[in-house]
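Note on naming: letters A, B, ... go to the chains in the order of the sequence lines (proteins, then strands), and numbering restarts at 1 for each one. Every value quoted in this text rests on a predicted model; they were computed, and no experiment measured them.
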Amino acid sequence: MREKKPQTKRVPQIADKRDFFNDVYEIVRLIPVGRVSTYGAIANYLSLKSGARMVGWALSSSQSAHSDVPAQRVINRNGQLSGRLHFATPTLMQELLEKEGIIIKDNTVQNFSELFWDPVKELL
DNA sequence: CGTGTGACCGGCG
DNA sequence: ACGCCGGCCACAC
């Protein structure tokens with residue numbers, strides 16, 4: 001018998017790529033102006049345990065295609081604008097956020113803990 | 001088909 | 001407090 005298959009239960013977290021992208025975009029669009037969320041929080045809301053990277057992956061694809069997604073409101077757990085280099089210009093992300101009233105210093109959102117918008121709690 | 005990399009996160013020394 | 005490492009999953013080469 002050829003039982004070489006590991007048969008690990010490693011079920012693909014992303015069955016349909018397009019659906020996953022849509023889910024991410026939908027949540028990001030729900031982030032209120034003047035608030036921010038994180039990759040991990042969104043991944044958690046989508047039941048992607050440690051799939052924060054997948055969220056970033058989805059957003060990078062959205063950047064050019066879906067300009068109606070406020071990707072600037074999604075940052076990392078430290079409140080840093082880790083995705084700024086993926087925008088049209090390195091300063092665009094910060095400029096967009098500042099336009100929404102968010103204060104940024106050294107690529108880090110000030111008052112992050114108060115501005116943090118967690119879909120798991122807010123969309124409960 | 002193996003290896004490396006990524007808009008990350010949590011744990012541990 | 002800080003740095004390092006492993007895990008996570010999909011994709012490019």
Review point. Are Trp117(A) and Ile104(A) connected in a single hydrophobic cluster, I mean Ile/Leu/Val/Met/Phe/Trp/Tyr linked by side-chain heavy atoms less than 4.5 Å apart?
Key: no
Point to revise | Passing candidate, side chain to side chain contact (heavy atoms under 4.5 Å, CB included) with Leu97(A), options Gln94(A), Glu95(A), Lys99(A), Glu100(A) | key: Glu100(A)
Check your understanding: Nearest of dA7(B), dC9(B), dC8(C) to any side-chain atom of Arg53(A)?
Key -> dC8(C)
Exercise for review: Considering just the side-chain nitrogens and oxygens of Thr38(A), establish if one lies under 4.0 Å of OP1 or OP2 belonging to dC8(B).
Suggested key: no
Using whole Å, what does the distance between atom [atom2] of nucleotide [N] and atom [atom1] of [X] come to?
| X | N | atom1 | atom2 | result |
| --- | --- | --- | --- | --- |
| Gln72(A) | dA7(B) | CD | C1' | 13 Å |
| Phe20(A) | dA7(B) | CZ | P | 14 Å |
| Leu96(A) | dA7(B) | CG | P | 18 Å |
| Asn78(A) | dA7(B) | CG | C1' | 13 Å |
| Leu81(A) | dC8(B) | CG | P | 11 Å |
| Leu46(A) | dC8(C) | CG | P | 18 Å |
| Ile75(A) | dC9(B) | CD1 | P | 10 Å |
| Tyr25(A) | dA7(B) | OH | P | 14 Å |

If you restrict it to nitrogen or oxygen atoms, what contacts under 3.5 Å exist between nucleotides 10-13 of chain C and the protein, and what is each distance?
residue : atom : partner  : partner atom : Å
dA10(C) : OP1  : Gln13(A) : N            : 3.1
dA10(C) : OP1  : Ile14(A) : N            : 3.0
dC11(C) : OP1  : Lys17(A) : NZ           : 3.3

Review point. Just wondering, do Pro70(A) and Arg29(A) contact through their side chains at under 4.5 Å, heavy atoms?
Key: yes
Point to revise | Rounded distance in Å between the P positions of dA7(B) and dC2(C) | key: 25 Å
Check your understanding: Does the Ser60(A) side chain pair with the main chain of Ala58(A), one donor and one acceptor, at a distance under 3.5 Å?
Key -> no
Which distance, rounded to the nearest 0.5 Å, do you find between the [atom1] of [X] and the [atom2] of [Y]?
| X | Y | atom1 | atom2 | result |
| --- | --- | --- | --- | --- |
| Phe116(A) | Ile75(A) | CZ | CD1 | 8.5 Å |
| Thr38(A) | Ile31(A) | OG1 | CD1 | 9.0 Å |
| Phe87(A) | Leu96(A) | CZ | CG | 6.5 Å |

Exercise for review: Could you pick out which residue, Phe87(A) or Arg77(A), lies toward the 5' side of DNA chain B when each is mapped onto its nearest nucleotide?
Suggested key: Phe87(A)
